[in-house]
Amino acid sequence: MPAGRTTLSEYLSQQSAQHLSLHPDLGSLVLEIAKAVQEIALLTSQGALAGVLGSLESQNVQGETQKKLDVLSDEILIQTFRSGNLVAGIASEENDEPLSNPKGGSFLCLFDPLDGSSNIDVNVSVGTIFSILSATPNATLTVGDYLRTGRQQIAAGYAIYGPATMLVFSLGHGTHGFTFDAASGEFILTHPGIQVPADTSEFAINASNERFWEPPVSRYISECKQGKTSVRGRDFNMRWIASMVADVHRILMRGGVFMYPKDTKDPSKPGRLRLMYEANPMTFVVEQAGGLGSTGRQRILDVQPESIHQRIPVILGSKNEVERIEEYHREHDRA
Ligand code: AFP
């Protein structure tokens, strides 16, 4: 390995030596996830050649048509965890109920195996999101064991399958990025100590939902669009990739605010994104990098989960922007 290049496994050994509070098996779990990510990256990179594009007849618990790669990625992760004895229980976007591992383990893992899968067929970046909770070894698992607040995550992160495959995660001591080097087959530390700029001039939202937004969201976006002529005094840019992993990765790299707010489009859904395996892990990573994650009215990591697949409004990214949007919600609710 050329000098000055730290591999994922070297980094994890350094972390467990530096932070004695880390669970001794946490590094091994991250390496297991990295191995599964490599398998998913290979399939994703082959696209049509691997016959993995397109949808299946099946639907997931969300009532969404499953892409072939959704199911294949889910199977890779489940097989990875079940072949080891680190993860006692698994909850996935693609499975109605959590799955227990007969071999037991000290962790629970919740994941979105392929986030942004509607982008797969058009060759746009997608990702895998994971959240790790502690498990009581040898205890009989119930759904309640999974329903812990985001603040109780012991680690969380994502893989992004883009021009480069990257693994970005936090063990609770900052957020760090690793880039996959196909030549060596190693993830290399390329982005140590990521910091989200507190201010930004870039927002990410699906603007086609504008007529369904709550007033504080409409106010914020309208000011951004008015730019220099508004109280903001500067112009803003907009991005929307429709892969949360890709939009949030951009925000970790250069700042911004990602918004999938509560809207009236489907009153039965308090937002599109899922708390346990999208909002919580991505907020953990962003807040470990100095950003913030909010529903607009509550910090995401403080939300007490009620069900595995519950949805939540998400406002995530540059600290000063998220705080401004929260203030707009307070002013609206007071009025
Ligand atoms: P899919 O996995 O169904 O593509 O959904 C992706 C996602 O959950 C999240 O990654 C995106 O930010 C968001 O949905 C995109 O939603 P819209 O399709 O409404 O823009």
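Whatever order the structure lists them in is the order used to number ligands and atoms, beginning at 1.
Contact residues for ligand 1 (protein heavy atom closer than 4.0 angstrom to any ligand atom): Asp115, Gly116, Ser117, Ser118, Asn206, Trp240, Ala242, Ser243, Met244, Phe258, Tyr260, Arg272, Leu273, Arg274, Glu278.
Considering only heavy atoms from C-beta on, Trp213 stays 4.5 Å or farther from Met259 through its side chain.
Ring-centre distance between Phe178 and Tyr11: below the 6.0 Å cut-off.
Side-chain atoms of Thr142 and Asp145 form a donor-acceptor pair, as typed in the model, at a separation below 3.5 Å.
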| request: Decide yes or no on side chain to side chain donor-acceptor pair (under 3.5 Å) for Glu278 and Tyr260, but give the supporting numbers first. | output: CA-CA 12 Å; Glu278 289 176 329; Tyr260 216 112; over 6 Å; no

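Put simply, CZ on Phe169 and CD1 on Ile129 are 16.0 Å apart, with the number rounded to the nearest 0.5 Å.
Dense packing is recorded around CZ of Arg234, with more than 12 heavy atoms of other residues, nucleotides or ligands lying under 6.0 Å away.
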